[in-house]
Structures are given as structure tokens and as C-alpha cells.
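Just so we're on the same page: letters track the sequence lines, and every chain starts at 1.
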There are 2 protein chains.
Amino acid sequence: MYSDERVEAFRRRLASQGQRVTPQRLAIYKYLIEAETHPSAEEIHRALQPIYPSMSPATVYKTLELLVEMGLATELAFGDSPNRYDGNPHEHVNLVCTECGSIVDLEESLLEELRERVVRASRFLVRSQRHEFHGVCPRCQNAKGA
Amino acid sequence: MYSDERVEAFRRRLASQGQRVTPQRLAIYKYLIEAETHPSAEEIHRALQPIYPSMSPATVYKTLELLVEMGLATELAFGDSPNRYDGNPHEHVNLVCTECGSIVDLEESLLEELRERVVRASRFLVRSQRHEFHGVCPRCQNAKGA
DNA sequence: TTGTATGCAAATTGTTTGCATACCC
DNA sequence: GGGTATGCAAACAATTTGCATACAA
């Protein structure tokens, strides 16, 4: 399974940086990359509850922060709802449905060209890029029409 | 002055929608579009303090929410710092400096093509789009090198 | 005059922090 | 064995809410 390789790589990076490989960290990362939901910290905590009943929310928050620092995840912030996390390692667009809250990814080759142009025009040292389209997903459009 | 026209348009839209034209609302919108800073609610509140000493933060928050609903502003959310607001009415890229917190706009014609492609590929009903590049601005790059 | 926006204060909520304990190395 | 990550509870900070008052229409 592809996600296992990525968890394995995470494990190695932790070890090589002298950080501890704990079951909580591995489980959180695994959940993040296997979930299609762009989960919130709370969702991750709830989902892992059956397996790690004593795991605290603080551990989830700290691990997610670590993953973001390591470049293995990105944080999607919204003004009025909890942060969501994205473990997709490829540049992509996030489509955020304002009706149901779902977020889906879309790969788009134009993002590379866009980045080049932005770097050239701004002289920014770009560390990450983030693209969101907000609107109504096809499913919710149908639901409304019904 | 260009911003006066926009304030005037805001006034008319409020009136036509049966909403009240208050000096606070006009001042908040004027400050937002004249500021180059992509201000937070707190910055706006602080800046208008001398003119409206009794204005409450709640009024600023409510007005900003109203502006976002009316499509006159967009909210830039960050996980770890207050929301910032953007009154730029054109599609653009936001360049966010992780060193000094500054945000600058960059117009980029590619965004239109990107939107078209996204709509075609996803069948999303797109209401707004948001593009952020995070990194280090030229000024902070120089400061570091010094 | 009527009702909506304001201002104030309290409440809310997601997230962070401090510290003792557990457990990875 | 040594020290870092965890778990718990308390603290925090931005934002929202409820309600009485002020003021735009």
C-alpha cells in the first residue's frame, strides 16, 4: 500500500532527526494520508479513539504541527471553523464546498507555471503555495435542485 | 479619489438593500480599502479609535462579516494568527511573508485560465477563489543576509 | 416612531501551555 | 538511565452572542 511507504519514510525522517517514533505519531500521519476528508484535529482524535483511547487532543495538535514543519502536511485555515489538514504531497487546488464542508483535491498543471511567474515578478522566496476555490460541489448542487 | 467612489457604491448598496448606512460601517470599509496592510479586525479597530473612541470590536467584526457576504472583501485565515481582510476587488495572488507578516497583492492573468480549467474539470459552482504563496519577501531576505 | 446597528460584557471554541508521568532510544 | 513525547487540566485568544441603548430611516 502506498500510504505504508509514506509512513515508513516519516518514521525514517523522525529517526534521522533524533526525534522519537511513537505509535501515536505514526497513527496520526497514517490516518491523515489515508483519509479523503482533509480532517480536522478533532476528527483525527475521534477516529483514533478506539485504538488509542487515552490519546489526548494535545498530542494530535502537536503532531500535526510537526508534520507541517516537516513539510508533510499543510494546514487549511478557515475563519469560522476548525483548521483542516492536507497530506497530499503534490501541488494541487483545494475545492471547498460551502454547503457540506467537503474539500477535494484537483491536480492542475498550471500551478507550476503560476509559481514561476510569481517568483519572477515578486522575488519572493516561495516556501509553499495554496489554492482554494470556494463554492458548491456537484452533489450539493443536485441536492438543492431536488 | 478612487476609494471614495467605492465607499459611495457601498453606501448605495446598503441603502438599496434596506440596511443602515452608519458612519462606523463607512469608516471601516474606507480604512480597509485604503490600507495597504490587509488589516486584522484589531488593526482596524485600533486605527479608528481616535475618530470613534466608543466603537466596539464587535462592530468591526460584524461589519467585516457583512462586507464578506456582500462580496466586497475576502477573509484571509491563518491557523495561528488573527484573520486578515482584503478589500482588493480584482482576482489576485496574496504573497504572505512568514518573517514580517506582510501581505502583498499580485495581479496575475493566469488566474482566469486556472478558474476556467477548474470549473470545467470539477463542475463546481465557484463563488470565490483564493491564492496564497507563503515565503520570505525581498526585504526580509536582505535583512537576513545583512 | 420603528426597528436595526451599536456597544458592552459575558460566553464560546479551537488551540496552546505547564507539568508530572510514561516510554522510546 | 536519560530525556523527549504524552496526557491531563488549566490557560489563552480571537471571535461571537445577548441584550439594553442609540440612532438611521
Side-chain angles (χ1 to χ4, degrees), chain A residues 7 10-29 31-32 38-70 73-85 101, chain B residues 7-8 10-29 31-32 38-46 48-70 73-85 101:
Chain A
V7 172
F10 174 44
R11 176 202 290 278
R12 282 194 300 272
R13 276 193 64 188
L14 284 173
S16 73
Q17 296 179 7
Q19 301 205 62
R20 291 201 181 153
V21 176
T22 64
Q24 291 92 333
R25 285 179 168 178
L26 299 179
I28 289 165
Y29 185 50
Y31 183 84
L32 174 65
H38 302 73
S40 63
E42 192 273 335
E43 176 185 333
I44 297 173
H45 181 252
R46 181 161 26 83
L48 297 178
Q49 202 65 12
I51 315 171
Y52 299 99
S54 72
M55 187 168 69
S56 81
T59 297
V60 178
Y61 282 106
K62 286 169 188 164
T63 300
L64 289 169
E65 185 185 2
L66 178 68
L67 289 168
V68 170
E69 279 168 12
M70 294 173 79
T74 52
E75 194 172 61
L76 306 179
F78 304 93
D80 50 359
S81 57
N83 291 347
R84 308 272 290 262
Y85 292 85
Chain B
V7 173
E8 197 49 38
F10 174 43
R11 176 201 290 278
R12 281 194 301 272
R13 275 193 64 188
L14 284 174
S16 74
Q17 294 178 9
Q19 301 205 61
R20 292 202 181 155
V21 176
T22 65
Q24 291 92 332
R25 286 179 168 177
L26 299 179
I28 289 165
Y29 185 51
Y31 182 84
L32 174 66
H38 301 73
S40 62
E42 191 274 336
E43 174 184 334
I44 297 173
H45 181 251
R46 181 161 26 82
L48 297 179
Q49 203 66 13
I51 315 171
Y52 299 99
S54 72
M55 187 168 67
S56 83
T59 298
V60 178
Y61 282 107
K62 285 171 189 163
T63 301
L64 288 169
E65 185 185 3
L66 178 68
L67 288 168
V68 170
E69 280 169 11
M70 293 172 79
T74 53
E75 193 172 60
L76 306 179
F78 305 93
D80 50 359
S81 57
N83 291 347
R84 307 273 290 264
Y85 292 85

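Along DNA chain D, the nucleotide nearest A15(B) and the nucleotide nearest E75(B) are compared for position; the residue whose nucleotide lies closer to the 5' end is E75(B). Taking the nucleotide of DNA chain C with the nearest heavy atom to each of P23(A) and S81(A), the more 5' of the two is matched to S81(A). A residue-by-residue look at A41(B) and T22(B) shows that A41(B) has its nearest nucleotide of DNA chain D further toward the 5' end.
Using a 4.0 Å heavy-atom criterion, one finds that E42(A) contacts no nucleic acid atom at all. No engagement by D80(B) is indicated, since no non-hydrogen atom pair under 4.0 Å with the nucleic acid exists.
Closest to the V21(A) side chain, of the nucleotides dT6(C), dC25(C), dA24(D), is dC25(C). Distances from the side chain of R20(B) to the nucleotides dG7(D), dA24(D), dG18(D) place dA24(D) closest.
Note that CD of E42(A) and CG of N83(A) are 13.0 Å apart. Values are rounded to the nearest 0.5 Å. In this structure, CG on L67(A) lies 6.5 Å from OG1 on T63(A), to the nearest 0.5 angstrom. The distance from the CD1 atom of I44(A) to the CZ atom of R84(A) is 10.5 Å, given to the nearest 0.5 Å.
Not one side-chain nitrogen or oxygen of N83(B) sits closer than 4.0 Å to the OP1 or OP2 atom of dA14(D). Residue Q24(A) places at least one side-chain N or O under 4.0 Å from the OP1 or OP2 atom of dG7(D). Here R25(A) reaches the OP1 or OP2 of dA5(D): one of its side-chain N or O atoms lies under 4.0 Å away. In this model, the phosphate group of dC25(C) is not approached by any side-chain N or O of Q19(A) to a distance below 4.0 Å at OP1 or OP2.
The separation between R46(B) atom CZ and dA14(D) atom P is 12 Å, rounded to whole Å. The distance from atom CG of L76(A) to atom P of dG14(C) is 17 Å, rounded to the nearest whole Å. Whole-Å rounding puts the Q17(B) CD to dT4(C) P distance at 14 Å. Whole-Å rounding puts the L64(B) CG to dA5(C) P distance at 15 Å. Rounded to a whole Å, the NZ atom of K62(A) is 19 Å from the P atom of dG14(C). Atom CG in L14(A) sits roughly 13 Å away from atom C1' in dC25(C) (whole-Å rounding). The distance between atom CZ of F78(B) and atom P of dT16(C), rounded to the nearest whole Å, is 16 Å. As a whole-Å value, the separation of E43(A) CD from dG14(C) C1' is 16 Å.
Residues from residues 51-61 of chain B placing a heavy atom under 4.0 Å of any atom in DNA chain C, listed by number, are S54(B), M55(B), S56(B), A58(B), T59(B).
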CA sep, side-chain torsions, deciding dist, call: K62(A), E65(A), salt bridge (Lys or Arg N to Asp or Glu O under 4.0 Å): CA-CA 5 Å; K62(A) 286 169 188 164; E65(A) 185 185 2; over 6 Å; no
Y85(A)/H38(A) under side-chain contact (heavy atoms from CB on, under 4.5 Å): CA gap, chis, key distance, verdict: CA-CA 5 Å; Y85(A) 292 85; H38(A) 302 73; over 6 Å; no
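Listed by chain and residue number, nothing satisfies the ring-ring contact (aromatic ring centres under 6.0 Å, His included) test with Y61(A) (two or more places apart in sequence, or in another chain). Applying the ring-ring contact (aromatic ring centres under 6.0 Å, His included) rule to Y29(B) yields the partners F10(B); only residues at least two apart in sequence or on another chain are considered.
Evaluated for a side-chain contact (heavy atoms from CB on, under 4.5 Å) with Q24(B), the options T59(B), I51(B), L48(B) yield exactly one hit, T59(B).
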